[in-house]
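What follows is a set of notes on a single structure, which appears directly below.
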Amino acid sequence: MVRRKGAPLVRAAAGAAGTAALSATLSAALGFAPARDVPPAGKACWATHYGPMRAGARTASGQLFDNSRYTAATSLSRRPQLPFGTRVKVTNVANGRSLTVRITDRGAFAWTRASPKCLDLTDRAFARLGGVLDPDAGLITVREKVLRGVKRP
């Protein structure tokens with residue numbers, strides 16, 4: 001094939017299936033997070049805790065952050081995105097403790113098979129589930145279940 005001036009170096013695969021296959025191949029080769037950033041249904045994932053935050057910090061929803069409430073952040077890249085106000089039941093796989101948190105924030109983390117992080121919990125919620133508030137050991141394996149979504153305006 002002769003390359004004309006301005007023509008692409010690589011011929012793109014035709015159709016949506018070809019584009020999806022090319023995208024998946026490049027993502028896997030380059031180590032990017034998968035396009036669908038959601039833990040598989042019924043599978044466990046990791047929950048971490050915020051840790052220290054300055055007083056008066058605002059969450060992505062605009063609310064004041066309060067580390068003593070039962071709230072959480074989900075990934076910015078999660079698809080589909082959980083709306084603010086969504087209630088999620090979180091269960092610690094190791095000890096069976098569970099509680100309901102409300103989504104008030106977004107995190108810059110992504111779910112991947114190598115690092116299956118799904119939620120960032122407030123310190124109070126994390127401790128209630130049995131987590132150790134230590135930055136080096138600050139993750140627990142949980143299952144999440146969306147209880148109620150919020151209608152968007």
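Residue numbers run from 1 in the order of the sequence given.
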Val90 versus Thr100: any side-chain heavy-atom pair under 4.5 Å? no
Tell me the closest heavy-atom pair linking Ala73 and Gly107, and the distance in Å. CB-N, 4.1 Å
Under the side-chain hydrogen bond (donor to acceptor under 3.5 Å, both in side chains) test, which residues partner Ser61, sequence neighbours left out? Thr59
Sub-4.5 Å side-chain heavy-atom contact between Leu82 and Val146: yes
Sub-3.5 Å donor-acceptor pair from the side chain of Asn92 to the main-chain atoms of Val142, do we have one? no
Under the salt bridge (charged side-chain N to carboxylate O under 4.0 Å, His left out) rule, what pairs show up with a residue in residues 59-69, not counting sequence neighbours? Asp66-Arg69
Do Phe84 and Arg106 come close enough that some side-chain heavy atom pair is under 4.5 Å? yes
With Ala72 via side chain to side chain contact (heavy atoms under 4.5 Å, CB included) - residues at least two apart: Val101, Ile103, Leu119, Leu121
For the atom pair CG (Leu147) and CZ (Arg102), what is the distance rounded to the nearest 0.5 Å? 13.5 Å
Would you list the pairs meeting salt bridge (charged side-chain N to carboxylate O under 4.0 Å, His left out) in which at least one residue belongs to residues 121-131, sequence neighbours left out? none
Looking at CG of Asp105 and CZ of Phe65, how far apart are the two atoms once the value is rounded to the nearest 0.5 Å? 8.0 Å
Those residues at least two apart in sequence (or on a different chain) that pass side chain to side chain contact (heavy atoms under 4.5 Å, CB included) with Thr141 are Ala44, Trp46, Val93
Take Phe126 and Tyr50, measure what ring pair (Phe, Tyr, Trp, His ring centres under 6.0 Å) needs, and give me the verdict at the end. CA-CA 9 Å; Phe126 190 79; Tyr50 277 92; over 10 Å; no
Name all residues meeting the side chain to side chain contact (heavy atoms under 4.5 Å, CB included) criterion together with Arg58; count only those two or more places apart in sequence or in a different chain, and write none if there are none. Leu64
Does some side-chain heavy atom of Cys118 sit less than 4.5 Å from a side-chain heavy atom of Thr74? no
Applying side chain to side chain contact (heavy atoms under 4.5 Å, CB included), name anything that partners Thr91, two or more places apart in sequence or on another chain. Lys89, Ser98
Inter-residue atom distance Gln63.CD - Thr104.OG1, 0.5 Å rounding: 5.5 Å
Distance only, no hydrogens: is a donor on one side chain within 3.5 Å (strictly under) of an acceptor on the other, for Thr48 and Asp120? yes
